[in-house]
Amino acid sequence: MTISYQVDVTGKLQQGLSDSWVTTKRNIIKLRRDPEIFVFTLIQPIMFVLLFNYVFAGAINIEGGNYTQFLMAGIFAQTVVFGSTYSGSAMAQDLKDGIIDRFRTLPMGNAALLIGRTAGDLVINAASMAAMLLTGFAVGWRINSSIPEALLAIGLLLGFSYAFSWVMVLIGMSVRSPEIINNVSFLVLFPLTFLSNAFVPSDTLPTPLRIFAEWNPVSALIQACRELFGNIPVGIPVSDSFTTQNALPIVLIGIAALLVIFIPASILKFKALAKV
Amino acid sequence: MSFIEADNLKKYYKTKTREVKALDGLSLSIPQGTVKGLLGPNGAGKTTAVKILTTLTVPTSGEAFINGVSVTEEPDRIRRMIGVSGQYAAVDQKLTGFENLEMIGRLYHLSPQNAKKRANELIELFDLVEAANRPVKGFSGGMRRRIDLAGALIVNPPVLFLDEPTTGLDPKSRLDLWKVIKDLVSAGTTVLLTTQYLEEADQLTDSIAVIDHGKVIAEGTSDELKRQIGGQYVEVSLVSPDDIPRGKELLSSLSKETVFEANDGRTISVAVDDAAVMLQKALRIFAEANIDLNDAGMRRPTLDDVFLSLTGHQAEQEA
C-alpha cells in the first residue's frame, strides 16, 4: 500500500541521475522558449565581445602587440562569471513561483534539483561560450596553441562558472528574491571581474588594488586561459607575482574549493527550507 | 490510528515584531477513503497544516502519520503516497501542459514511455487537449488549476492534498473543478481539502474541521455544523447607518441568537428558526418603526456566520 504504483527507475543512484537529467532538461526547454534567457545567453555575450573589442582595442595600441588577443580571455571570463547569476535568480524565482515546493512533495532527491539547476545553467553558459568564441574569431582573435590546450581553457571557464553557480544558488535560496539576486550579483561580480587583469595588466593598478587583482581568482582564471589559448601577446607585461606565475593550479584549486564548500552548503540550505 | 493522523501539531515562528503561532495544537484524524475539509479564513493555519502533512515544513512539535508512516521521520516514503495540488505547489509556467505532467511523472520515477503515456491519459481525462502543447503561462485560471490537479494524480496516489483548489476561480470554472474532484473522490482516494468556502466544503467533503488561530474549533459533517450554527438567516440592509442600533434591537426580537453586523455598517442579520415567517415579521416591524430598508432577505449561513457562532468573532482576513 505504501507504493501503489509501478516504479520504473529503481536504485538510489539511477533515480538521482534520472532526477538530475529531468530537471536539467526543464531548464534547457526554458532556454529555447524564454526570449529573456536567449538574449542573456547569446545576444549579450556577442555584444560584449564586439563592444569591448572595438571600444578598447581601437584605443589601446601596443607596440608590436595585439590588444584583441589580450582582451578576449578577459571578456570570456567576465561573461561566464556573470552568467552564474542566472542560477541564483532562477532559483529565487522558482522558490517564489512555488515550483520548488511542488518538487519537494515529489519523491525526488534533494541534491538532484540543485544539480539540475546548475547543470542546466552550465548548458546555458556553454551556449554563451560558443557564441563568444565564434564572435571572437570574427573580430580577429586567434587560438595560438593546440586544440587540447584550448579545450582545457574552455573547460576552465565553464568549470569556474559552474562552481560559481553553486555560490549563486545558495544566495538565491537565502535572499529569495530574483531582483535582489541581480543587485547582489552586480555588487559582487562587477568588482571581482573588473578588479582583475581582464582589461589591463594588474601591474598598472595602485598597490592595494594590485594586490586584490593579483589574488583575485578571476585573474588567475584569465591568466590561465591566456596561456592555454596562446594569447600572451608581446608588448603587454605579464606580472611576475606568484599567482600570475601559477595561474593554472590556482584556478583548479579555486574551482575545487568552491565546489567542496558550496555544494554541501547549498544542499544543507535546501534541506533547511523545511524548517521555516 | 486513522489513515491520516495529526496529533497536537504546533508550528511557531518568529517575525521581526512578534511570534506567530501558525498552528497551536492542531489534531486531525481522517479515515481511509474519506474527504476531510479544513475550513477557515486566511491565516487560520490551513496551509501550514497541509505543508506539514506534505513534508514541506516540519512542525515545532507534534506528530503526524499517513498510513502509519511518520511525516517528519520518513518524508521520502510519504512523498511516494501523496499527490499535492495547491497555490504553493505550482506547475512551471514556461513549460507546456504536457511537459509539466511528463516531468512530474519522471520525478515519480516512471520510465520516459510511461510518463508520456500517463501525461497523455490525464490530458484526455481533464479535457486539456488544447493546453497540451502550449506553455501554461497563457492559460486561464481554471485550465491552470486542472493541470495542477492532473499533476497531483500522475501516479494515482492513495492520498491527495488539495489546498484551496478553487480560490480565485470564476463560478463556472469552480463548478467544473468540483465535478473533477467529485469523480476522483468516488474512486476511493483519501483527500484533505482546504477551503475558505463553506459551500465548497459542503459539496465535496464527508467531514469538516473548522480551524481558527491554528486549532480545530469544531468538527463534524456540514449538516452537523449548520445545525450548530442555526439553519437560516434573516438579513436586512438599512438605508441609514444611524438606524443600526434600533435595527439590531428589532431583529433581536425575532431570535435568541446574537445579531450580526456586517463590515459595511448597514447590513445586520440574525439566525432564525423559521426564516420565511421571520422575514415577513421583520418587514412588518421595520415598517412600523419607520426604518427604511435597501434590501431584505433570507440566506444560508456563510463562513462568517460559522465563525461568529463558533468563536464569537468574525473571520479575520489576515494575510
Side-chain angles (χ1 to χ4, degrees), chain A residues 1-38 90 93-113 116-117 120 270-276, chain B residues 3 13 32 50-58 60 66-69 72 74-96 99-100 102-115 118 135 137 148 151-152 154-159 161:
Chain A
M1 167 79 230
T2 302
I3 300 175
S4 57
Y5 58 95
Q6 173 71 38
V7 178
D8 300 319
V9 183
T10 52
K12 263 209 162 316
L13 180 66
Q14 282 90 331
Q15 289 183 346
L17 289 173
S18 163
D19 295 343
S20 303
W21 165 239
V22 171
T23 44
T24 304
K25 210 170 92 184
R26 159 178 180 248
N27 296 325
I28 296 173
I29 293 174
K30 290 184 151 190
L31 168 66
R32 289 206 314 256
R33 205 161 286 158
D34 192 336
E36 214 175 296
I37 307 177
F38 183 79
Q93 189 66 48
D94 280 352
L95 277 166
K96 201 170 147 191
D97 290 345
I99 264 286
I100 299 290
D101 278 349
R102 159 74 82 183
F103 287 140
R104 289 179 54 229
T105 65
L106 299 175
M108 64 182 296
N110 284 326
L113 187 86
R117 167 85 275 146
F270 188 79
K271 285 186 175 163
L273 290 176
K275 303 246 156 51
V276 280
Chain B
F3 191 62
Y13 57 90
Q32 189 163 9
V50 173
K51 281 193 161 184
I52 290 173
L53 289 169
T54 56
T55 76
L56 285 175
T57 191
V58 292
T60 311
I66 299 177
N67 197 22
V69 180
T72 48
E74 295 187 273
D76 289 341
R77 278 182 72 198
I78 296 289
R79 287 172 189 165
R80 298 191 179 280
M81 300 195 274
I82 61 172
V84 187
S85 164
Q87 302 163 310
Y88 54 85
V91 290
D92 194 317
Q93 306 272 331
K94 300 255 169 63
L95 301 190
T96 66
E99 285 164 348
N100 265 298
E102 186 198 15
M103 174 177 72
I104 295 171
R106 295 284 284 127
L107 294 175
Y108 273 109
H109 302 130
L110 302 183
S111 66
Q113 298 80 350
N114 284 343
R118 190 68 188 130
K137 207 174 182 178
D148 200 63
I154 294 280
V155 295
N156 269 326
V159 186
F161 292 92

Taking the side chain as every heavy atom from C-beta outward, state whether [X] and [Y] have any atom pair closer than 4.5 Å.
X       : Y        : result
B:Lys51 : A:Asp101 : yes
B:Thr54 : A:Arg104 : no
B:Asp92 : A:Arg26  : yes

Over all atoms of both residues, closest heavy-atom pair of A:Pro107 and B:His109: O-CE1, 3.1 Å
Please step through side-chain contact (heavy atoms from CB on, under 4.5 Å) for the pair A:Phe103 and B:Met103, ending with a clear verdict. CA-CA 10 Å; A:Phe103 287 140; B:Met103 174 177 72; 3.8 Å; yes
Report which part of [X] has an atom under 4.5 Å of a heavy atom belonging to chain A: side chain, backbone, both, or neither.
X        : result
B:Tyr13  : neither
B:Thr96  : both
B:Pro135 : side chain

The single option from B:Val155, B:Val84, B:Leu107, B:Ile154 passing side-chain contact (heavy atoms from CB on, under 4.5 Å) against A:Leu106: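 The passing option is B:Leu107.
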For B:Asp148 and A:Arg102, run side-chain contact (heavy atoms from CB on, under 4.5 Å): C-alpha distance rounded to whole Å, both residues' side-chain angles, the deciding distance at 0.1 Å, then the answer. CA-CA 10 Å; B:Asp148 200 63; A:Arg102 159 74 82 183; 3.0 Å; yes
Sequence-distant partners of A:Ser18, side chain to side chain donor-acceptor pair (under 3.5 Å), two or more places apart: none
In terms of heavy-atom pairs under 4.5 Å with chain A, which of [options] leads?
options                     : answer
B:Gly83, B:Ser111, B:Ala152 : B:Ser111
B:Asp76, B:Thr55, B:Asn114  : B:Asn114
B:Pro75, B:Ala115, B:Gly151 : B:Gly151

Which pairs with one or both residues in residues 5-23 of chain A pass salt bridge (charged side-chain N to carboxylate O under 4.0 Å, His left out), sequence neighbours excluded? none
Do A:Arg33 and B:Glu99 meet the salt-bridge criterion of a basic N to acidic O distance under 4.0 Å? yes
